Amino acid sequence: MPELPEVETVRRMLIDTVVPKEIVKVEVYYEKIVDGDAADFAKRLTGQSFESIDRKGKFLIFILSQDAFISHLRMEGKYELVDAAFPRDKHEHLSFFLEDGTRLRYLDVRKFGRVKLVDKQDYLKEPSLMKLGPEPWDITSDYFYQRIHRSEKPIKSLLLDQSVIAGLGNIYANEVCFRVGLSPKTPGKKLSKKKAEEILEASKTILTEAIRYKGTTIHTFSSNGESGGYQDHLLVHGQKNCPTCGRELTKEAVGGRGTYYCKNCQK
DNA sequence: TTTTAGACCTGTTTGC
DNA sequence: TGCAAACAGGTCTAAA
């Protein structure tokens, strides 16, 4: 599932492949992918060029010559650059035909992803972006502690709350809890300032490592057909046994999400 | 105010 | 073997 490292990998791929190309045609095959009027989306973007690709949390922001649009990959969304004549995939919901005879296509098996036209000058005022908290690199441990130390919610849920800290998803939240030896069920209010600092540091380390490996490929995620390599470095997510003590890992729902942890090593 | 549950989706896995 | 149900999970919205 695309989390911050996967989205950053996609962003870098897009900068290399579509900037500064012009869009000559836009086709929307599944209208619900577009938040707003799909026909208007296609019409407005036709004739514009890609200026740059930004990212905030797990959102991609496509900056065009006149407009901008945001894109969230949700569970299984991915972008690929193919030849314009390449056959359409059954999960291809949106295509940008480019001036050089290529086509940037958006594929999403589960149709969860969304794109939305936004104001180019003020896109950060878009409600979904406004709600996002800072990324782990942009906050102090004091800020993080302040945000979590009064909450009854389990730390795993707080790490997934994008308004507290942006970028972590289910996979990396599991890894962070393991890395600091903490039960994912521990309420935020039970955590010391020192532990909060450890969690923040582990979040930065894990996300940085994952970006270096171009993300984690689980099921169908890929950026331009390339697979990430971080899945080979996951310590608990999707694993059977604890890499530290060798005991069988526990898998249960925490905050409604599948959670892997070691009852022996994570207290 | 904070937390929880349901909706959105469909391919894969599990159970009968 | 074949079918049905459960499961996967990020974000938004509504309800508790």
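Note that the structure is predicted; figures quoted are calculated from it, not measured. Per chain, numbering begins at 1; letters A, B, ... match sequence-line order. Just so it is clear, the values below take in all heavy atoms, side chains as well, and ignore hydrogens, waters and symmetry mates.
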Quick one: which protein N/O atoms are closer than 3.5 Å to N/O atoms of nucleotides 6-10 of chain B? Pair and distance per line, please.
unit_1, atom_1, unit_2, atom_2, d
B:dC9, OP1, A:Y30, OH, 2.9
B:dC9, OP1, A:K32, NZ, 2.5
B:dC9, OP2, A:K32, NZ, 3.1
B:dC9, O2, A:R110, NE, 3.4
B:dT10, OP1, A:K111, NZ, 2.8

Set out, line by line, the N/O atom pairs under 3.5 Å between protein and nucleotides 13-16 of chain C.
none

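- In this structure, A:Y106 and A:H93 have tilted ring planes: the angle between them lies in the 30° to 60° band.
- If you take OH of A:Y172 and C1' of C:dG10, they are 15 Å apart, rounded to a whole angstrom.
- In this structure, A:N174 places its CG atom 12 Å from C1' of C:dG9, rounding to the nearest Å.
- Residue pairs meeting the salt bridge (charged side-chain N to carboxylate O under 4.0 Å, His left out) criterion with at least one member in residues 128-148 of chain A, sequence neighbours excluded: A:R55-A:E135, A:D142-A:K193.
- Ring geometry for A:Y79 versus A:F62: interplanar angle of 30 to 60°, hence tilted.
- For A:C177 against A:I155, the heavy-atom pair with the smallest separation is SG-CG2, 4.2 Å.
- Between A:D40 and A:D37, the closest heavy-atom pair is N-OD1, 2.8 Å.
- For the OP1/OP2 pair of C:dT11 and a distance below 4.0 Å, the side-chain nitrogens and oxygens of A:H72 include at least one atom meeting the criterion.
- Applying the 6.0 Å contact sphere to NZ of A:K120 captures more than 12 heavy atoms from other residues, nucleotides or ligands.
- Note: CG (A:L73) to P (C:dG10) measures 12 Å, nearest angstrom.
- In this structure, the CD1 atom of A:I165 is 16 Å from the C1' atom of C:dG10, given to the nearest Å.
- Checking side-chain atoms of A:E31 against main-chain N and O of A:Y29 turns up no donor-acceptor pair under 3.5 Å.
- The minimum heavy-atom distance linking A:L191 with A:Y145 is given by the pair O-CE1, 3.5 Å.
- The nearest whole Å value for the distance from the CD atom in A:E76 to the C1' atom in C:dT11 is 15 Å.
- Checked against a 6.0 Å centroid threshold, the rings of A:F59 and A:Y123 do not count as neighbours.
- A straight line from NZ of A:K251 to C1' of C:dG9 spans 11 Å, rounded to a whole angstrom.
- A:M75 places its CE atom 5 Å from the P atom of C:dG10, with the value rounded to the nearest Å.
- Distance CZ (A:F59) to C1' (C:dT11): 7 Å, rounded to an integer number of Å.
- Residues of residues 199-211 of chain A having a heavy atom closer than 4.0 Å to DNA chain B: none are found.
- Atom CD of A:E248 is surrounded by 12 or fewer heavy atoms from other residues, nucleotides or ligands within 6.0 Å.
- The heavy-atom pair separating A:L158 from A:G188 by the smallest distance is CD1-CA, 3.7 Å.
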Close N or O pairs between protein and nucleotides 1-4 of chain B (under 3.5 Å):
unit_1, atom_1, unit_2, atom_2, d
B:dT3, OP1, A:S151, OG, 3.1
B:dT3, OP1, A:E152, N, 3.4

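- Separation of atoms NZ (A:K153) and CG (A:L159) is listed at 10.5 Å; rounding is to 0.5 Å.
- Put simply, the residue from A:N170, A:L168, A:N174 that forms a side-chain contact (heavy atoms from CB on, under 4.5 Å) with A:Y172 is A:L168.
- For C:dG10, neither phosphate oxygen OP1 nor OP2 lies less than 4.0 angstrom from any side-chain nitrogen or oxygen of A:Q162.
- By the side chain to side chain donor-acceptor pair (under 3.5 Å) test, A:K58 is found to be paired with no residue, residues two or more places apart in sequence or in another chain being considered.
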